[in-house]
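To start, the structure under review is shown below, and the notes come after it.
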Amino acid sequence: MSNNSFLKDTGVILWLTGISGAGKTTISRHLEHKLQEYDRLVELLDGDVIRQNLSKELSFSREDRNTNVRRVGYVANLLSRNGVIVIVALISPYRSVRDELRSTLNNFVEIYVNASLEVCEARDVKGLYAKARSGQIPLFTGIDDPYEVPLNPNITCYTAEETVDESTNKIVIWLESMGYLQRPKIRQ
């Protein structure tokens, strides 16, 4: 099997984790477009969309959040084992379930989208932090429910200091260096 064939057939799960407003969805959308330039199958699994369609019966208790994360992990694994690059944008607040996925899924890449609570609250276009602080949204991650920062992420994007392009390029360069991507040939 040629190296190029290996690249075409190798799926990978890019798991972007961080608190609400950190930039997971924004980076994921840019990354999705960038990876399509590599002539690869790419699928984006966004936490908000998943909650509306796959996990709408779940609450925001620790147990239900972990169930949601495991469901998304299962779907991501199905796709990646068929050669798809799967981008997951999901808060996934608890380290233990993220570590569980890392140990059970093939080609799992943990990407920590790092932004302070203050930065995320300032970016809060949906008003979720204000509702959480006023008690309208209980168990909100970062306010009255913890977010456990990854201890050893494969990649960290510092969205208060980096542009979306810088964060996206950091991920692409890492994927190239690990052999998941090969630079597209310039067409003439």
Side-chain angles (χ1 to χ4, degrees), residues 1-54 69 71-93 98 101-102 105-116 119-120 122-126 147 149-150 152-188:
M1 175 171 14
S2 73
N3 188 32
N4 194 30
S5 176
F6 169 77
L7 288 169
K8 286 279 191 195
D9 295 339
T10 302
V12 62
I13 299 168
L14 305 175
W15 197 280
L16 285 77
T17 178
I19 62 175
S20 182
K24 298 176 299 299
T25 298
T26 302
I27 291 171
S28 294
R29 288 182 180 147
H30 279 77
L31 185 59
E32 179 182 26
H33 295 295
K34 184 81 168 172
L35 293 176
Q36 289 168 346
E37 295 173 10
Y38 286 78
D39 194 29
R40 295 291 307 271
L41 297 173
V42 181
E43 189 65 47
L44 172 57
L45 302 177
D46 183 74
D48 290 340
V49 176
I50 294 292
R51 272 286 180 173
Q52 292 170 6
N53 295 287
L54 185 65
V69 169
R71 284 180 185 176
V72 175
Y74 178 79
V75 172
N77 193 54
L78 289 175
L79 292 165
S80 72
R81 74 181 190 195
N82 287 289
V84 177
I85 297 176
V86 184
I87 304 166
V88 176
L90 189 68
I91 292 173
S92 39
R98 291 191 314 263
L101 294 179
R102 180 191 294 273
L105 303 180
N106 290 325
N107 302 319
F108 179 88
V109 179
E110 186 175 47
I111 302 168
Y112 175 34
V113 182
N114 184 342
S116 71
V119 166
C120 293
R123 291 178 180 166
D124 186 20
V125 295
K126 298 177 191 172
Y147 175 79
V149 173
N152 296 301
N154 299 95
I155 304 164
T156 301
C157 297
Y158 298 94
T159 61
E161 294 96 36
E162 299 170 358
T163 66
V164 175
D165 285 337
E166 287 170 334
S167 293
T168 301
N169 288 334
K170 179 189 286 189
I171 297 166
V172 169
I173 289 167
W174 187 91
L175 290 168
E176 288 175 346
S177 74
M178 299 304 289
Y180 289 109
L181 290 177
Q182 184 176 2
R183 285 198 180 274
K185 293 186 171 85
I186 298 172
R187 296 179 182 155
Q188 296 180 353

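The first residue of the sequence shown is numbered 1, and numbering continues consecutively from there.
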task = May I have the step-by-step check of salt bridge (charged side-chain N to carboxylate O under 4.0 Å, His left out) for K126 and D48, ending in yes or no?
result = CA-CA 12 Å; K126 298 177 191 172; D48 290 340; 2.8 Å; yes

request  = Start with the C-alpha gap between V109 and W15, add the side-chain angles, then the distance that decides, and say whether side chain to side chain contact (heavy atoms under 4.5 Å, CB included) holds.
outcome  = CA-CA 6 Å; V109 179; W15 197 280; over 6 Å; no

ask   = Would T17 and L90 count as a side chain to side chain contact (heavy atoms under 4.5 Å, CB included) if you check the C-alpha gap in whole Å, the side-chain angles of each, and the deciding distance to 0.1 Å?
value = CA-CA 6 Å; T17 178; L90 189 68; over 6 Å; no

request  = Run the numbers on Y158 and E166 for side chain to side chain donor-acceptor pair (under 3.5 Å), then give the verdict.
outcome  = CA-CA 10 Å; Y158 298 94; E166 287 170 334; over 6 Å; no

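Smallest separation of non-hydrogen atoms from V164 and I27: CG1-CA, 4.4 Å. The heavy-atom pair separating T10 from N107 by the smallest distance is CG2-ND2, 3.9 Å.
Qualifying side-chain contact (heavy atoms from CB on, under 4.5 Å) partners for R29, counting only residues two or more places apart in sequence or in other chains: T25, L44. Y147 meets the ring-ring contact (aromatic ring centres under 6.0 Å, His included) test with no other residue; sequence neighbours excluded.
Going from atom CG of L41 over to atom CG of L79 covers 9.5 Å, rounded to the nearest 0.5 Å. In this structure, the separation between CD on E176 and CG on N169 is 9.0 Å, given to the nearest 0.5 Å. The distance from atom OG of S92 to atom NZ of K24, rounded to the nearest 0.5 Å, is 8.0 Å. Interatomic distance, OG of S167 versus NE2 of H30, reported as 10.5 Å (0.5 Å rounding).
Between I91 and S20, the closest side-chain pair of non-hydrogen atoms falls below 4.5 Å.
Here the side chain of T26 pairs no donor or acceptor atom with the backbone of G23 at under 3.5 angstrom. A donor-acceptor pair under 3.5 Å is absent between the side-chain atoms of R51 and the main chain of D46, judged by distance alone.
Applying the side chain to side chain contact (heavy atoms under 4.5 Å, CB included) test between L175 and each of L14, I155, N154 identifies L14 as the sole match.
Within 6.0 Å of the CG atom in N152, the count of heavy atoms belonging to other residues, nucleotides or ligands does not exceed 12.
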